[in-house]
Amino acid sequence: MSWLKSIASSAAVAAALAGAAMTVSVANAEDTIKVGVLHSLSGTMAISETTLKDTILFMIDEQNKKGGVLGKKLEAVVVDPASNWPLFAEKARELIQKDKVAVVFGCWTSVSRKSVLPVFKELNSILFYPVQYEGEESERNVFYTGAAPNQQAIPAVDYLMSKDGGEVKRWVLAGTDYVYPRTTNKILEAYLKAKGVAPEDIMINYTPFGHSDWQSIVADIKKFGSAGKKTAVVSTINGDANVPFYKELGNQGIKATDIPVVAFSVGEEELAGLDAKPLVGHLAAWNYFESIKNPANSEFIKKWQEYTKNPKRTTNDPMEASVIGFSAWVKAVEKAGTTDPDKVIDTLPGIETPNLTGGIAKVLPNHHITKPVFIGEIKADGQFDVVWKTKDLVPGAAWSAYLEGSKDLVADWVTLKCGNYNSVTKKCGG
Amino acid sequence: MLKSIAAAIRRLSLTIVAIVAVTIVQPVLAADIDGTIQLLTTDGYSDTIEAIGQLSTSGHPRALAIVQALSDGKLQFSDSAKKVYIDTGAGLVDAATGDAVATPPADVSDVRQNNRVRGVVQAALGALSLFNPDPQKRREAAEAVFKSRDENALPAIDASLAKETVPEVATALKIARAAIVLFKSDAAEADRVVAAQAIQVAGTQDAVALLRSLPADAPKTVVNTAQASAKTIENNLALWSTAQNAWYGLSLGSVLLLAAIGLAITFGVMGIINMAHGEMVMLGAYVTFMVQEVIRNHFPSLFDLSLPIAIPLAFIVSGLVGVAIERTVIRWLYGRPLDTLLATWGISLALQQLVRTTFGANNREVGSPSWMSGSFQLGQLSITWGRMWIIVFALVVFAGLILILKKTPLGLQMRAVTQNRSMASAMGIPTPWIDALTFGLGCGIAGIAGVALSQIDNVSPNLGQGYIIDSFMVVVFGGVGNLWGTLVGAMTLGIVNKFLEPVAGAVLGKILVLVAIILFIQKRPRGLFALKGRAVEA
Amino acid sequence: MITSFLLGGLDRKTGIAILVLALIGIGVTYSNAFLADASPLHVSTGNMLLFGKYAAYALLAVALDLVWGYCGILSLGHGAFFALGGYAMGMYLMRQIGTRGVYANPILPDFMVFLNWKELPFTWVFFDHFPYAMLMVLLIPGLLAFVFGWFAFRSRVTGVYLSIITQAMTYALLLAFFRNDMGFGGNNGLTDFKDVVGYNIQADSTRRVLFALTVGFLAVGLWLASSIVNSKLGKVLIAIRDAESRTRFIGYRVAEYKTVVFTVSACMAGVAGALYVPQVGIINPSEFSPANSIEAVIWVAVGGRGTLVGAIIGAVAVNWGKTWFTGVLPEFWLFALGALFVAGPLLLPKGIVGTLGGLFSFGNRPSRVVPTSPEPAE
């Protein structure tokens with residue numbers, strides 16, 4: 001019977017632990033609307049996602065000061081999926097089934113989104129996904145408030161080809177080997193070739209996650225860049241690998257005036273982690289910059305810094321996307337008069353909410369939103385100086401016209417009720 | 001863009017020619033630069049470029065100061081007052097007059113630059129510096145002319161060449177001159193051929209690019225000579241690239257050595273599977289960050305000394321944490337190496353989270369002191385200072401550790417305790433304290449590795465995780481318990497990796513290295529430098 | 001002979017454990033299917049999926065305990081066999097999607113269309129056949145373990161050297177599977193499965209079957225491992241663990257024994273992976289990460305090395321703790337988990353089962369858990 005006893009005693013230990021843990025969770029019996037926050041607070045992605053958790057908590061705090069939604073207070077349910085993809089799915093299920101949240105704000109990496117997708121579809125809940133991503137997706141239960149490739153990558157390349165951007169003729173597409181860079185580079189390659197760039201003027205390079213030794217690759221870029229044509233690097237290098245990459249660029253003396261680097265994953269948060277002086281002039285393409293002068297933005301930054309009690313706390317693009325997602329959801333709930341997922345999903349397309357740069361973010365039938373595109377140059381203080389922006393708002397496209405498999409696909413959840421309608425075969429995919 | 005730079009340089013060089021030709025006794029009559037100033041207040045890049053051009057031709061005494069201020073990012077403007085100011089740090093001065101401004105208007109903001117403006121400013125300043133008293137500046141100026149190869153700079157180059165005494169600068173000037181002549185369509189064909197040959201001396205990738213970009217309508221002999229020159233340089237560069245790869249390999253090897261060397265003590269010598277090793281490295285990096293924070297806020301002049309200050313502090317902090325871990329946890333687990341794995345894994349999780357809650361999950365900024373920034377040329381080898389110092393540092397740490405173990409009483413006692421604990425104890429060695437000190441030493445060395453790694457990697461709570469697997473790999477590959485094995489192992493892995501990378505790509509290269517390690521261990525089941533004798537089998 | 005081999009495995013401890021597993025398997029599926037949601041005994045589908053995941057982990061832990069606890073082979077790469085089994089299953093499930101993918105391509109999985117691939121790589125060809133896929137679940141991890149073990153054990157790579165090269169193996173596989181060029185979906189891995197052998201994978205009934213299968217396989221795995229351990233083969237394994245050279249000198253072919261048990265263990269890990277994938281709905285390269293394999297070792301250590309049943313308890317306890325902590329203490333759960341790992345070896349040096357088994361030792365002889373060797377590892 002030793003075995004049964006061992007179970008009994010381990011259960012006792014566990015119960016004691018659980019009891020201790022219970023005291024932490026807030027006993028909240030009053031009528032609230034629960035909002036799930038599914039961002040990694042530990043592991044490799046904590047570096048990026050922790051800020052987004054704080055943003056949602058901040059927005060909930062602000063909303064509650066205004067009296068909440070539908071007369072009820074909002075209550076955040078924060079969990080830690082720990083940068084572990086199967087755990088994302090498990091936690092999503094926990095939030096929806098156990099905690100009964102009305103909506104979830106979360107995920108950063110594509111794989112985490114892919115991991116939770118079946119859960120959201122099965123349990124019919126709503127996910128707001130706030131990060132720039134590779135596109136090629138439009139799901140009924142997901143709203144994509146970050147940039148699709150046509151809202152970030154293509155305008156950036158257009159800028160570099162313009163006179164102000166330096167009339168670049170030769171391109172290095174450098175990225176981390178995962179789906180976002182792969183797709184973005186595929187789209188860019190097709191786009192550049194369509195613009196008459198010769199194949200030998202395009203160099204594509206992939207590196208693993210967290211790559212930290214960039215000596216050879218930076219030397220290669222330098223070599224590629226000395227062919228007598230103006231060269232630029234389009235970087236889809238992810239998160240952690242950026243700091244050593246930029247440090248190596250600085251050390252090998254590649255200045256922005258020689259070979260500019262335009263990045264899609266480097267924002268104010270990342271620059272706060274390194275000495276920006278050698279990087280002055282390198283570029284980033286985003287839909288929001290902290291330095292954009294605008295009353296809405298200034299007020300947001302002020303309140304955010306008050307909330308975090310840190311006068312140096314930066315803001316960045318995925319934060320703005322979270323903010324837009326949150327206010328769009330609040331508006332939709334108020335319009336629909338309920339938090340019922342089906343009603344909210346149907347109400348969301350068409351909802352307009354001001355973004356932080358003076359424009360209007362409109363939720364489109366394909367569950368993406370309209371965004372302005374800005375190109376910023378890195379300044380010595382780690383902020384960006386906006387050197388170019390699109391004249392109009394760019395609507396997010398779920399399916400890229402430059403990819404073989406997706407050029408015929410259309411996403412429309414209002415009239416077609418389909419995320420991948422094939423306009424040639426006139427059929428809705430699976 | 002090239003055209004606008006060239007235009008600006010052309011104007012500048014005219015000025016320079018004027019200055020060189022006529023020794024000016026009295027300042028040029030202050031030309032009217034009000035219009036130029038107006039251009040700088042419109043907040044448009046094209047206007048700013050136009051203004052730089054006008055300034056350089058104006059011969060105005062303030063022209064250089066204004067361009068310099070723009071280059072330093074200290075030029076400001078006011079839209080309301082339609083005036084431009086230079087921020088001297090102590091207050092604003094009027095750019096046009098140099099007079100201090102007591103009450104600047106409220107709407108003062110920086111004159112903005114993009115890469116196009118920066119290019120024009122750099123080229124302009126470069127060309128101006130052809131007569132700088134500092135030879136280094138003159139050389140840079142010559143290189144700037146080489147890049148812009150503006151025909152109008154020719155007289156200035158010739159004048160500068162005539163006076164030049166420093167051989168390196170003279171060479172740079174000659175190459176710059178050759179570049180101009182090569183592209184000068186109205187130059188004599190023979191001169192251009194000579195120029196194409198002369199550029200070969202430069203031997204750089206840039207020179208190849210220049211030679212290859214000769215327009216197709218140039219005379220055939222010139223083009224052929226240029227192609228031949230380019231080919232020669234390329235062959236030469238191919239040889240150098242082997243040396244360059246070896247250098248990269250050494251540099252990667254030194255990073256691996258630094259990361260692994262502390263583990264060679266705690267794991268190699270003591271037999272503790274120390275999964276918290278990476279976190280000791282991380283703590284060292286965070287100590288560097290804190291030292292730099294204090295220096296930035298209180299003693300900015302000492303910034304270049306931040307790393308020498310951080311090294312002992314990192315050693316102490318990580319070392320003390322190590323001693324604390326040994327005293328509270330590990331000492332109960334001697335003889336149970338797998339339990340040390342479990343416990344140190346737990347410690348590593350907790351330490352990561354501790355740092356995350358204290359400093360936040362974001363990267364922290366650790367700057368490079370000036371002596372670790374930039375690079376220098378050794379032949380065609382481009383060597384970055386930071387990497388070079390890291391190699392030196394890794395070797396110094398290694399030598400220091402060997403000295404401690406072999407030449408100090410403490411080292412003797414450490415070796416005695418790890419080789420035969422009971423006998424050492426019988427000889428009166430306080431074994432518990434030696435254990436604590438040995439573990440502390442290993443952790444402390446991991447801490448100073450963190451100081452070096454903070455220079456090339458993210459300073460984030462995940463820093464240590466990135467190195468832990470590689471560190472174990474290095475120690476085991478070299479042979480557990482043998483410090484020399486760790487040195488040779490780290491360098492071998494670094495160099496092999498860097499020679500594979502250009503052929504197979506970064507990912508495949510790394511996979512091949514791992515497979516090679518697996519196969520190597522089959523051949524030598526106890527690593528590169530195996531300990532021999534019966535003790536091994538115990 | 002086989003009967004006596006299997007009956008030998010049914011010692012008291014294993015018997016009770018198998019009985020408990022059977023009760024859990026039947027009880028949970030029954031409760032999920034027939035009890036009302038409001039009933040306090042009702043097990044929600046979410047929780048059943050969670051238990052199913054734990055059971056798959058537990059099978060991995062049993063496989064690991066078989067080689068580590070009884071043969072002294074500390075594999076820091078068992079996660080690789082688990083993941084390979086998972087990938088084999090995942091590939092089958094991907095092929096089952098058919099035209100229901102977003103690009104509606106009848107042959108190619110979505111991620112291949114996405115990367116403009118034109119035809120199916122040879123590695124994927126027969127994976128639309130269930131028996132073939134199941135064969136691969138066993139064969140791929142088994143073959144890798146056999147080849148790896150054959151070379152390593154013949155070269156007498158032991159102790160920490162073996163541990164580190166198994167880690168190198170899983171790390172190399174991690175990097176390889178990350179590569180999109182490999183054709184296994186890169187970082188995103190395989191996901192968005194629709195059905196398994198014709199049944200909707202999201203239906204509660206399919207999930208009940210999957211859960212029951214997982215618990216069943218866990219019981220079978222435990223029985224098999226226990227049979228091996230209690231047989232003559234098991235005695236040799238323990239002899240190898242405790243004194244490898246001596247066993248060799250007596251005349252046993254140590255390398256062959258080790259290779260066999262390593263291969264069997266890898267196959268069990270592969271099955272665990274194959275059961276894990278349909279329940280969590282995704283398989284991606286992070287399953288290969290060395291940290292996962294180390295975690296598996298920790299489950300075994302927490303539960304009690306060399307007890308088999310302890311491996312199950314350890315895997316469930318640690319993972320349940322993780323689920324719990326990440327929900328209630330999102331900001332501080334790592335402290336709690338870290339403290340657990342530090343306190344474990346200090347307070348329960350032989351793991352939960354080892355320690356408690358020692359306290360109330362009647363019936364079973366407590367296995368020798370911790371050799372007092374001065375060497376870094378065994």
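Below, chains carry the letters A, B, ... as their sequence lines are ordered, and counting in each starts from 1.
- The OH atom of Y248(B) lies 9.5 Å from the CG atom of D213(A); values are rounded to the nearest 0.5 Å.
- Residue contact with chain B, scored on non-hydrogen atoms closer than 4.5 Å, involves the backbone of A272(A) exclusively.
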Verify salt bridge (charged side-chain N to carboxylate O under 4.0 Å, His left out) between E167(A) and R116(B), making sure each step is shown before the conclusion.
-> CA-CA 10 Å; E167(A) 290 166 292; R116(B) 204 167 124 223; over 6 Å; no

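- Listed options N114(B), D110(B), N245(B) were ranked by heavy-atom pairs under 4.5 angstrom with chain A; first place goes to N114(B).
- Contacts with chain B were tallied for I47(A), T44(A), L283(A); I47(A) has the most, counting heavy-atom pairs under 4.5 Å.
- Using a 4.5 Å cut-off between heavy atoms, R356(B) contacts chain A through its side chain alone, with no backbone atom that close.
- Between Q252(A) and T384(B) there is a side-chain heavy-atom pair separated by less than 4.5 Å.
- Contact of Q352(B) with chain A is not made at all, since no heavy-atom distance falls under 4.5 Å.
- Proximity of a side-chain donor or acceptor of R112(B) to a complementary backbone N or O of V386(A) within less than 3.5 Å is detected.
- Within the 4.5 angstrom heavy-atom criterion, only side-chain atoms of D258(A), from C-beta onward, approach chain B.
- Within the 4.5 Å cutoff, the side chain of P208(A) has no heavy atoms near those of the K510(B) side chain.
- Taking the side chain as every heavy atom from C-beta outward, N458(B) and P244(A) approach each other to under 4.5 Å.
- With a 4.5 Å cut-off on side-chain heavy atoms, V387(A) and N115(B) do not count as touching.
- Heavy atoms closer than 4.5 Å to chain A are found in both the backbone and the side chain of L252(B).
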Could you give me the CA-CA distance, side-chain angles and deciding distance for V280(A) and R118(B), then say whether side chain to side chain contact (heavy atoms under 4.5 Å, CB included) is met?
-> CA-CA 10 Å; V280(A) 167; R118(B) 256 179 230 113; 3.8 Å; yes

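- The CZ atom of F499(B) sits 10.0 Å away from atom OG of S216(A), with the distance rounded to the nearest 0.5 Å.
- With a threshold of 4.5 angstrom between heavy atoms, E377(A) approaches chain B through side-chain atoms but not through N, CA, C or O.
- In terms of the ring-ring contact (aromatic ring centres under 6.0 Å, His included) criterion, F303(B) has no residue partners (sequence neighbours excluded).
- The distance from the OG atom of S375(B) to the CG atom of N251(A) is 7.5 Å, given to the nearest 0.5 Å.
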List the steps, then state whether side chain to side chain contact (heavy atoms under 4.5 Å, CB included) holds for S212(A) with D457(B).
-> CA-CA 7 Å; S212(A) 60; D457(B) 210 335; 3.6 Å; yes

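- A distance of 7.5 Å separates OG of S83(A) from CG of N462(B), quoted to the nearest 0.5 Å.
- Between chain B and the options G43(A), A380(A), G225(A), heavy-atom pairs under 4.5 Å are most frequent for G43(A).
- Interface residue L41(A): only backbone heavy atoms are found under 4.5 Å from chain B.
- For the set E248(A), K277(A), K222(A), the entry with the most heavy-atom pairs within less than 4.5 Å of chain B is E248(A).
- Remark: T109(A) engages S112(A) in a side-chain hydrogen bond (donor to acceptor under 3.5 Å, both in side chains) (not counting sequence neighbours).
- Here the side chains of N363(B) and E270(A) are not in contact, with every heavy-atom distance at 4.5 Å or above.
- Using a 4.5 Å cut-off between heavy atoms, T51(A) contacts chain B through its side chain alone, with no backbone atom that close.
- With no hydrogens or angles considered, no side-chain donor-acceptor pair links Q353(B) and S42(A) at under 3.5 Å.
- With a 4.5 Å cut-off on non-hydrogen atoms, E49(A) does not touch chain B at all.
- Taking NZ of K247(A) as the start and OG of S373(B) as the end, the distance is 10.5 Å to the nearest 0.5 Å.
- Taking all atoms of both residues into account, the shortest heavy-atom contact from A506(B) to T207(A) is CB-CG2, 4.3 Å.
- Proximity of V507(B) to Y206(A): side-chain heavy atoms (C-beta onward) are nowhere separated by under 4.5 Å.
- With a 4.5 Å cut-off on side-chain heavy atoms, K379(A) and Q113(B) do not count as touching.
- Within 6.0 Å of the CH2 atom in W389(B), the count of heavy atoms belonging to other residues, nucleotides or ligands does not exceed 12.
- With a 4.5 Å cut-off on non-hydrogen atoms, S454(B) touches chain A through its backbone but not through its side chain.
- Interface residue Y467(B): only side-chain heavy atoms are found under 4.5 Å from chain A.
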Could you walk me through whether K223(A) and E234(B) pass salt bridge (charged side-chain N to carboxylate O under 4.0 Å, His left out), step by step?
-> CA-CA 11 Å; K223(A) 198 169 158 195; E234(B) 272 182 343; over 6 Å; no

